[in-house]
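Only this structure's heavy atoms are used, side chains among them; waters, hydrogens and symmetry mates stay out.
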Amino acid sequence: MAVEKGIATRYNTQTKTSRLGLQQAAAKSFRKHWQLYLLILPPAMFFLIFKYYPILNAVLAFKDYNVIKGIWGSPWVGFKHFRLFFENPLFWTLMKNTIYISGYLLLVGFPIPILLALAINEVRNERFKRLVQLVTFAPYFISMVVMVSIIMLFLAPRLGFVNVVLNHMGLDSINFLGEPGMFRSIYVWSDVWQTAGYYSVIFLAALAGVDPSLYEAAKVDGASRFQKIVHVDLPGILPTIVVVLILNVGNVMAIGFEKVYLLQNPLNTVNSEIIATYVYKVGLLNANYSFATAVGLFNSVINLILLVVVNGLAKRFANNSIW
């Protein structure tokens, strides 16, 4: 017993000493770099107030919300709302639509900015390069509401530009937004047009960091432009590609709500109703806050699992990851 007490006392003493050392080191670092700590204070407060603190209210998913009693005073119901969602006939439709649209967008929208960045990087005329960057980058700054309005005007059944061209070619008009099978392609390809230029900037920045001596060595070896892209450019930006891919996969279930909701109509709902729009309709329009919170929490947990799994796979096979 005496030996055990001695070991426990020594352990406690070492712990206290270690904590004291850490506190002194932190105080010294703060005095030395207080300007940097002051600089990170606003973003830190932003994340604490608007990102982490609201997580506490996720407890609403396990309660029957009562306006009078409030979130913490409402009665516990366990996994009742999760069971209701899983047993809902719409569950598999929502999952299918969300995964289908997100997978389609990932499959098409992920490689195109890489190809665009590689193509722009190969342009030797600086004025033309800047023009291409401007033209491809500008759509990103268009408001989502304006973007959806443009899509609707272009695809309008009677006076839309696309249908006018089809009519001049002797073809019948098509109600694009009224055809459920066309909704996913309209959403994905319009999103690619709007965001490809913006995301290509990330890969252009990575290409700027590739060692110039590698290009010189490739030139000495007689490599063609295509061979330089395959053996110099792509390996040079591979870490950036992996990180962007991990982040994109981690957001598979978090597909943008605004654009889907604005493009949605009764004719295409069968393919356009996703988890995000369902949460909005159930939670805000029908005031079923507990059920909507449960569905949103389920969606976030799936995203987190995907992010952790893909990050682990990237770390194992590509030797690169977020953490």
Side-chain angles (χ1 to χ4, degrees), residues 85 88-116 136 139-140 142-166 171-200 244-282 285 292 295-296 298-300 302-303 305-307 310:
F85 178 55
N88 192 317
L90 285 174
F91 173 74
W92 290 112
T93 300
L94 296 172
M95 290 292 293
K96 181 190 70 174
N97 290 341
T98 303
I99 294 174
Y100 197 110
I101 295 176
S102 298
Y104 189 179
L105 183 60
L106 182 65
L107 185 65
V108 174
F110 177 70
I112 287 180
I114 300 173
L115 297 175
L116 179 61
T136 56
Y140 181 79
I142 299 176
S143 158
M144 188 60 67
V145 176
V146 175
M147 172 59 64
V148 172
S149 300
I150 293 173
I151 295 172
M152 289 181 171
L153 288 173
F154 265 73
L155 302 179
R158 295 180 60 188
L159 301 176
F161 174 77
V162 177
N163 277 311
V164 169
V165 173
L166 291 176
L171 302 174
D172 294 332
S173 298
I174 300 174
N175 185 7
F176 289 96
L177 292 176
E179 293 288 338
M182 293 185 176
F183 178 84
R184 294 160 179 164
S185 294
I186 292 171
Y187 178 91
V188 170
W189 288 103
S190 62
D191 192 84
V192 170
W193 172 71
Q194 186 177 13
T195 61
Y198 173 79
Y199 288 112
S200 68
V244 173
L245 178 62
I246 293 171
L247 294 175
N248 285 349
V249 173
N251 285 321
V252 161
M253 301 294 289
I255 187 171
F257 157 77
E258 297 89 351
K259 189 174 179 181
V260 174
Y261 185 73
L262 292 171
L263 287 173
Q264 199 175 74
N265 61 55
L267 296 176
N268 61 32
T269 305
V270 64
N271 280 347
S272 64
E273 189 75 291
I274 60 174
I275 292 177
T277 56
Y278 182 71
V279 168
Y280 170 75
K281 293 173 182 177
V282 172
L285 300 186
V295 177
F298 165 77
N299 196 34
S300 300
I302 296 298
N303 274 333
I305 293 172
L306 287 173
L307 180 64
V310 174

Looking at [atom1] of [X] and [atom2] of [Y], how far apart are the two atoms once the value is rounded to the nearest 0.5 Å?
| X | Y | atom1 | atom2 | value |
| --- | --- | --- | --- | --- |
| I274 | Q264 | CD1 | CD | 8.0 Å |
| N299 | M95 | CG | CE | 8.0 Å |
| K259 | D191 | NZ | CG | 4.5 Å |
| I150 | Q194 | CD1 | CD | 8.5 Å |
| S173 | L159 | OG | CG | 9.0 Å |
| L307 | S300 | CG | OG | 12.0 Å |

Kindly indicate whether the side chain of [X], heavy atoms from C-beta on, has any atom under 4.5 Å from the side chain of [Y].
| X | Y | result |
| --- | --- | --- |
| I101 | F183 | yes |
| L90 | E273 | no |
| V279 | F257 | no |
| L267 | N175 | yes |
| Y199 | V244 | no |
| F91 | Y278 | no |

Under 3.5 Å, which donor-acceptor pairs link side chains of residues 246-256 to any protein atom two or more places apart or in another chain?
{"residue": "N251", "atom": "ND2", "partner": "L247", "partner atom": "O", "Å": "3.2"}

Y104 OH: over 12 foreign heavy atoms closer than 6.0 Å: yes
More than 12 heavy atoms from other groups under 6.0 Å of CZ on F110: yes
Looking at every heavy atom in both [X] and [Y], which two are closest together, and how far apart are they?
| X | Y | answer |
| --- | --- | --- |
| P113 | S200 | O-CB, 3.5 Å |
| T269 | N97 | O-ND2, 4.4 Å |
| T277 | S272 | OG1-O, 4.3 Å |
| M152 | L263 | CE-CA, 4.4 Å |
| Y187 | V260 | CE1-CG2, 3.4 Å |
| P139 | T136 | CD-O, 3.5 Å |

Parallel, tilted or perpendicular, as decided by the 30° and 60° cut-offs, for the rings of Y261 and Y280: perpendicular
The single option from L177, N268, I174 passing side-chain contact (heavy atoms from CB on, under 4.5 Å) against M182: I174
N/O donor-acceptor pair under 3.5 Å between N163 side chain and A156 backbone: yes
